[in-house]
There are 2 protein chains.
Amino acid sequence: MTDATQAFQKFLSEKNQHYTTQRALIVGEFLRANAHLSAEELYAIVKRKENNIGQVTVFRTLKLLEEAGIAKPVNFGDKTVRYEMNYETEHHDHLVCTLCGKVIEVLDSKLEKRKEKVCSKYEFVPLNHRLEIFGICKACR
Amino acid sequence: MTDATQAFQKFLSEKNQHYTTQRALIVGEFLRANAHLSAEELYAIVKRKENNIGQVTVFRTLKLLEEAGIAKPVNFGDKTVRYEMNYETEHHDHLVCTLCGKVIEVLDSKLEKRKEKVCSKYEFVPLNHRLEIFGICKACR
DNA sequence: CTGACTGCAAACCCTTTGCACTAAA
DNA sequence: TTTAGTGCAAAGGGTTTGCAGTCAG
């Protein structure tokens, strides 16, 4: 039982929603995979463990996880939405390898500072942002 | 007749494709709008000038403009793909106002340098990237 | 002329919704 | 028990494709 799972249970009970077996399975596999999964990929994983589960339940649970601050939608150029862990994680940028698909999460304080500087130059108040760099990773070179 | 239009004609003739009246209208309005238009928005604009045009033709022409290096797909969080001018333009980042929808295009050389630095730190060869910062613009504050 | 283009309608893909049934609290 | 959740199937929204008629070169 991870912290994130507990947080999800808390989130649900505070809204008088149920921590069902399906939701337990989905959040468990989502956290265990620790990857940038699409709804379809996550569905394939949980379906192996519990054949009777519906694709719809995965969509709905991902929405809940997003509300609960546990999952965060990201987009890497392929047309489906992916979700990454968002529980007690810091903001980070992504280096996406266009050959092997690997995603490196990076955090660089100087880069963050420069982003802020650019915003202030335009008197723009940043709320959130995303930076994806597509290219070739070390292993693929 | 702009340079970009001429480039499109050249691109088409080199591939033995036709510069039709529809394509002329679509590229003309796309360039004139000089905005981040979705296929649907561009369709609405051209439809006003030529009622007989099909939505499909707009989709197909935008794909061609992309191939020709004249349009570039961008995504600002709303779920449809938008296109921006990409003919003889420099890379730039986007400040997207979440209140009025305005998009400020910015280029900051120090920011670009820092992005490169981060890549080299991970021995990652960048091919292209995108940075979108969502927030509140000067006018909306 | 002839191959490319158009517009319509239908198909697609991912996602959401309506609804009767099931299960958590 | 009672309210929320589930799974199915059907509907949505944006985009793509098949096809017969049309047009640019």
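Because the structure is predicted, anything quoted here is derived from the model rather than measured. In what follows, every heavy atom counts, from backbone to side chain, and hydrogens, waters and symmetry copies are set aside.
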- Item | Donor-acceptor pair between A/H92 and A/E84 side chains, under 3.5 angstrom |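 A pair is found: one side chain offers a donor N or O, the other an acceptor, under 3.5 Å apart.
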
- Task: May I ask you to check whether A/H18 and A/N16 show a side-chain donor-acceptor distance below 3.5 Å?
- Result: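 Per modelled atom types, A/H18 and A/N16 side chains form no pair under 3.5 Å.
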
- Item | Pairwise 5' ranking along DNA chain D for B/H18 and B/F59, keeping only the more 5' one | B/F59

Side-chain N or O of [X] less than 4.0 angstrom from OP1 or OP2 on [N]?
X	N	value
B/K79	C/dT15	no
A/Q17	D/dA4	no
A/T57	D/dG7	yes

To the nearest angstrom, how far is [X] atom [atom1] from [N] atom [atom2]?
X	N	atom1	atom2	value
B/L12	D/dA24	CG	P	14 Å
B/L64	D/dA24	CG	C1'	15 Å
A/E40	C/dC12	CD	P	16 Å
B/R60	C/dC8	CZ	P	11 Å
A/Y43	C/dT15	OH	P	14 Å
B/Q55	C/dA11	CD	P	19 Å
A/N51	D/dC8	CG	P	9 Å
A/L42	C/dC14	CG	C1'	15 Å

Among [options], which is the nearest nucleotide to the side chain of [X]?
X	options	result
B/T80	D/dT15, D/dA4, D/dT6	D/dT15
B/R23	C/dC14, D/dT6, C/dT6	C/dT6
B/I53	C/dG7, C/dC14, D/dG5	C/dG7

- Message: Both B/V56 and B/T61 contact DNA chain C. Which one's nearest nucleotide lies toward the 5' end?
- Response: B/T61

- Message: Taking the nucleotide of DNA chain C with the nearest heavy atom to each, does B/G54 or B/K15 sit closer to the 5' end?
- Response: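 Nearest-nucleotide comparison on DNA chain C picks B/K15.
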
- Message: Keeping A/S38 on the side-chain end and A/V81 on the backbone end, is there a donor-acceptor pair under 3.5 Å?
- Response: no

- Item | A/T61 side-chain N/O to A/V58 backbone N/O, donor-acceptor pair under 3.5 Å |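 Not confirmed, A/T61 side chain does not pair with A/V58 backbone.
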
- Query: Hey, does B/H36 have a side-chain heavy atom less than 4.5 Å from the side chain of B/V74?
  - Reply: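 Sidechains of B/H36 and B/V74: in contact.
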
